[in-house]
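Right, one structure below, let's go through it.
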Amino acid sequence: MSATTRQKLVDRAEYLTRRHGYNGFSFSDLSDHIGIRKASINYYFPHKTDLLLEMMQGYRERFGRALDGIDAKHRLARPKLKAYVEMNRHALDGGQSMCLYVSLGLTVEGLDGKIIEELREFHAQSIDWLQALHQLGRIDQSLPSHGDARAWANQTLSSLQGAQVSARVTGRLEAFNLVAKRILTCAT
């Protein structure tokens, strides 16, 4: 079954946002790619914010399912952390892209309040998962205790997000790989 026009618009907008940021696409770009009139996009999404919210919520739901998948596949914290790092590496698409939320976070000043709230929800989801991972690592002894679990979660997320930006800017995965290696080395 082929994707609906609405889903095609969301998918293309996500693709462009992850590569070029919030200002990196217009409704004209979408209409050219999808093959519909620009005015027709307004039927589905009256404002760019409406499109971004749907795109972000879908991405966050997929991200949540991926975290659930990591939890289901791995019992110990260390392999979960490795899978989480790999999920972040995958978001880079070889240095051509970034996590949607990292891309949008770079232009937070120009974003609508609803978009900023969605960014905060994603951040909280990530921090909560990483904090629980740290606590599991203390219990199963697969991660060393790094003091405060919330601080560790924030440091880990910030490091991976910054590494994504560096990899995207340089177009090379070397910056991300160095940070990923450091995170995983410190986790032994």
Side-chain angles (χ1 to χ4, degrees), residues 10-25 29 48 51-71 73-74 77-112 115-134 137 143 146 149-188:
V10 170
D11 292 346
R12 185 64 180 172
E14 180 182 323
Y15 175 87
L16 292 171
T17 302
R18 290 180 61 197
R19 281 159 179 73
H20 308 294
Y22 171 73
N23 295 317
F25 78 93
D29 296 321
K48 193 173 184 180
L51 172 60
L52 287 174
L53 277 174
E54 188 165 322
M55 173 180 60
M56 293 171 75
Q57 289 164 350
Y59 189 90
R60 186 160 57 96
E61 287 172 16
R62 291 190 316 272
F63 182 80
R65 285 192 303 272
L67 293 179
D68 290 344
I70 290 171
D71 286 337
K73 183 175 182 179
H74 303 287
R78 176 143 174 73
K80 289 182 185 203
L81 178 59
K82 186 174 181 185
Y84 182 80
V85 168
E86 289 308 311
M87 188 169 66
N88 277 266
R89 183 190 323 276
H90 181 73
L92 286 167
D93 191 22
Q96 301 305 307
S97 184
M98 285 187 285
C99 165
L100 176 64
Y101 283 77
V102 173
S103 179
L104 288 170
L106 295 173
T107 57
V108 73
E109 293 83 18
L111 299 176
D112 179 90
I115 302 299
I116 293 171
E117 185 56 36
E118 181 61 32
L119 283 168
R120 289 179 179 149
E121 289 291 324
F122 181 82
H123 186 267
Q125 176 185 20
S126 299
I127 293 298
D128 289 348
W129 189 86
L130 285 166
Q131 184 175 348
L133 177 72
H134 184 271
L143 297 177
H146 292 288
R150 193 145 193 93
W152 178 85
N154 274 287
Q155 180 181 5
T156 301
L157 180 61
S158 296
S159 295
L160 288 170
Q161 289 176 337
Q164 283 190 41
V165 173
S166 293
R168 180 66 180 109
V169 167
T170 62
R172 296 181 12 231
L173 292 178
E174 180 182 352
F176 183 87
N177 291 338
L178 291 171
V179 170
K181 182 178 179 180
R182 178 78 176 144
I183 289 170
L184 294 172
T185 300
C186 289
T188 57

As an exercise, state the distance from NE2 of His134 to NZ of Lys80, rounded to the nearest 0.5 Å. 14.5 Å
Might you point out which heavy atoms bring Ala180 and Arg89 nearest each other, and give the distance in Å? CB-NH2, 3.9 Å
Spatial distance of atom CG (Leu111) from atom CD1 (Ile116) [nearest 0.5 Å]: 5.5 Å
Heavy-atom side-chain contact between Arg168 and Met98 under 4.5 Å: yes
Exam field: side chain Arg18 to backbone Ala91, donor-acceptor pair closer than 3.5 Å: yes
Arg62 side chain to Gln57 backbone, donor-acceptor under 3.5 Å: no
Shortest non-hydrogen contact from Gly24 toward Asp29: O-OD2, 4.2 Å
Considering only heavy atoms from C-beta outward, does the side chain of Phe25 approach that of Leu51 to under 4.5 Å? yes
Roughly how far, to the nearest 0.5 Å, is CG of Asn154 from CD1 of Ile127? 3.5 Å
Donor-acceptor pairs are to be reported for all side-chain atoms of residues 119-126 against protein atoms at under 3.5 Å, with residues two or more places apart or in another chain.
residue : atom : partner : partner atom : Å
Ser126  : OG   : Phe122  : O            : 3.1

Donor-acceptor side-chain pairing of Glu118 and Tyr101 below 3.5 angstrom: yes
So with a 6.0 Å cut-off around NE2 of His20, is the heavy-atom count from everything else above 12? yes
Closer than 3.5 angstrom, by distance alone: can the side chain of Ser97 be matched with the main-chain N or O of Asp93 as a donor-acceptor pair? no
Between Glu117 and Asp112, is there a side-chain heavy-atom distance shorter than 4.5 Å? no
Trace of the side chain to side chain contact (heavy atoms under 4.5 Å, CB included) decision for Tyr22 with Lys48: CA-CA 10 Å; Tyr22 171 73; Lys48 193 173 184 180; 4.0 Å; yes
Looking only at heavy atoms, the pair that brings Leu173 and Gly95 closest together is CD2-N, 3.7 Å
Could you check whether any side-chain heavy atom of Leu133 comes within less than 4.5 Å of a side-chain heavy atom of Tyr84, counting everything from C-beta outward? no
Rounding to 0.5 Å, atoms CG (Leu81) and CD1 (Ile183) come to a distance of 7.0 Å
Any donor and acceptor pair, going by atom type alone, linking the side chain of Ser103 with main-chain N or O of Cys99 inside 3.5 Å? no
Intermediate values then yes/no, side chain to side chain contact (heavy atoms under 4.5 Å, CB included), Phe176 and Leu160: CA-CA 7 Å; Phe176 183 87; Leu160 288 170; 3.8 Å; yes
Testing the basics here: between Ala167 and Ala175, what is the closest heavy-atom pair and its distance to 0.1 Å? N-CB, 4.2 Å
For Lys181 and Leu184, what are the C-alpha separation, side-chain angles and deciding distance, and is it a side chain to side chain contact (heavy atoms under 4.5 Å, CB included)? CA-CA 5 Å; Lys181 182 178 179 180; Leu184 294 172; over 6 Å; no
Just verifying a value: how many Å separate Leu16 CG and Asn23 CG, rounded to the nearest 0.5 Å? 12.5 Å
State whether the number of non-hydrogen atoms from other residues, nucleotides or ligands found under 6.0 Å of Lys82 atom NZ is greater than 12. no
Can you check side chain to side chain contact (heavy atoms under 4.5 Å, CB included) on Gln155 and Leu130, steps first, answer last? CA-CA 10 Å; Gln155 180 181 5; Leu130 285 166; over 6 Å; no
When rounded to the nearest 0.5 angstrom, what is the spacing between CE in Met56 and OG1 in Thr17? 9.5 Å
